Amino acid sequence: MRIMENNRNNNIEDILNSLDNSQPAAAPDFFYTRLVARMERALPVKNNTGWRLKPVYVIGALLMVLAVNAVVLLKGQSETGNFTADNEESVQQSIAAEYSLNDNNSVYDLNQDK
Amino acid sequence: MNEFELIQGLRNGNEAAFKYLVDTYQDRVFNTAIGVVQNAEDAEDVAQEVFIQVFRSINQFKGESKLSTWLYRIATTRALDLLRSKKSKKRFGFIQRLFGDSNEPLLELPDFHHPGVALEKKENAAKLFRAINQLPDQQKLAFTLHKLEGLSYQEVSDVLETTVPAVESLMHRAKQNLRKMLEKDMR
């Protein structure tokens, strides 16, 4: 009985000491290559459209739109002003002609009936 | 390249410094990881994660401990994280099987054979690894770092951020627990 117990204890000690003098495990071949490949895969994909959202470009685009609007408005105003000054009389004439306002023949001569 | 130059190189994003770091420490990191996770593929995965973390967070390294201590600390933390996630997956798989959601059989891990153990000791070492797997985390780390990686108690205490007497206590309890588990297996 005691011999069996001694054997068992020895066996347990052998198991407990089985890692003594073991060699360290070496990393697998091409570890660095695989590591670098993994790091490259993990890099975020560069978004080529990202520059469009930069504040400089957004503000620039807004200013450009405002400038175009301002130019169109100013140009329109000046053209309207010239049109009024130069052609107001001719417009009045053309309207009058269209509605026959200047036609004296259409005025009834009341004295003629007498 | 000394440690200071290496850290400076890493902080500057120097690829040669990173390669030097990996070449110098890859075996130590891998050996630490394989002792904890007990699987070569998982250990490589953990080792890769360690170096990626070092690359990303070298600026957070204050230099209060040695670079190797910092690497060991990251390696052990990552290895334990992987073990926890595998255990929770296994538990979830078990519950799924109970409720009939999954038909996949639960795979028991085969015995782990450490590549550095001599052939005549392989069988005993496999039994020991099976028992180590059941130890509490801190005891497991203290035992594997000391026995497998060959770190002194002082170095183990630096890695585990504790004192030398605490490591001695961890080792004592680890051996006691292992002895009990092995006795139980033999009955």
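Sequence lines set the chain letters: A, B, ... in the order given, protein chains first and strands last, and positions in each chain run from 1. From a predicted model like this one, the values you see are computed outputs, not experimental measurements.
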Report the C-alpha distance between Arg56(B) and Met39(A) in whole Å, list the side-chain angles of each, state the deciding distance to 0.1 Å, and finish with yes or no for side chain to side chain contact (heavy atoms under 4.5 Å, CB included).
CA-CA 10 Å; Arg56(B) 284 180 183 159; Met39(A) 288 171 84; over 6 Å; no
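- Ranked by non-hydrogen atom pairs under 4.5 Å with chain A, the options Ala43(B), Ala118(B), Ala47(B), Gly35(B) are led by Ala47(B).
- A distance of 12.5 Å separates CD1 in Ile12(A) from NZ in Lys180(B), rounded to the nearest 0.5 Å.
- Taken from CD in Glu123(B) to CG in Asp14(A), the straight-line distance is 11.5 Å, to the nearest 0.5 Å.
- Of residues 4-32 of chain B, those residues with a non-hydrogen atom less than 4.5 Å from any non-hydrogen atom of chain A are, in numerical order, Glu15(B), Phe18(B), Lys19(B), Val22(B), Gln26(B), Asp27(B), Phe30(B), Asn31(B).
- Sorted by first and then second residue, the salt bridge (charged side-chain N to carboxylate O under 4.0 Å, His left out) pairs with a member in residues 67-77 of chain B read Arg73(B)-Glu161(B); sequence neighbours excluded.
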Check the pair Glu13(A), Lys175(B) against salt bridge (charged side-chain N to carboxylate O under 4.0 Å, His left out), reporting the backbone distance first and the verdict last.
CA-CA 10 Å; Glu13(A) 285 309 309; Lys175(B) 282 176 188 170; over 6 Å; no
Below 3.5 Å, can you tabulate the donor-acceptor pairs from side chains in residues 20-30 of chain A to any protein atom, sequence neighbours excluded?
from     : atom 1 : to        : atom 2 : distance (Å)
Asp20(A) : OD1    : Lys147(B) : NZ     : 3.1
Ser22(A) : OG     : Leu19(A)  : O      : 2.8

For salt bridge (charged side-chain N to carboxylate O under 4.0 Å, His left out), just list the numbers for Arg38(A) and Asp45(B), CA-CA rounded to whole Å, side-chain angles, deciding distance to a tenth of an Å, and then say yes or no.
CA-CA 10 Å; Arg38(A) 181 172 169 176; Asp45(B) 208 37; 2.9 Å; yes
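- With sequence neighbours excluded, no residue satisfies ring pair (Phe, Tyr, Trp, His ring centres under 6.0 Å) with Tyr32(A).
- Taking CG of Asn11(A) as the start and CG of Asn124(B) as the end, the distance is 6.0 Å to the nearest 0.5 Å.
- Most heavy-atom pairs under 4.5 Å with chain A: of the set Glu149(B), Arg179(B), Gln48(B), this distinction falls to Gln48(B).
- Within a 6.0 Å radius of CZ in Phe55(B), other residues, nucleotides and ligands contribute 12 heavy atoms or fewer.
- Using a 4.5 Å cut-off between heavy atoms, Leu128(B) contacts chain A through both its backbone and its side chain.
- Taking CG of Leu35(A) as the start and CD of Glu44(B) as the end, the distance is 9.0 Å to the nearest 0.5 Å.
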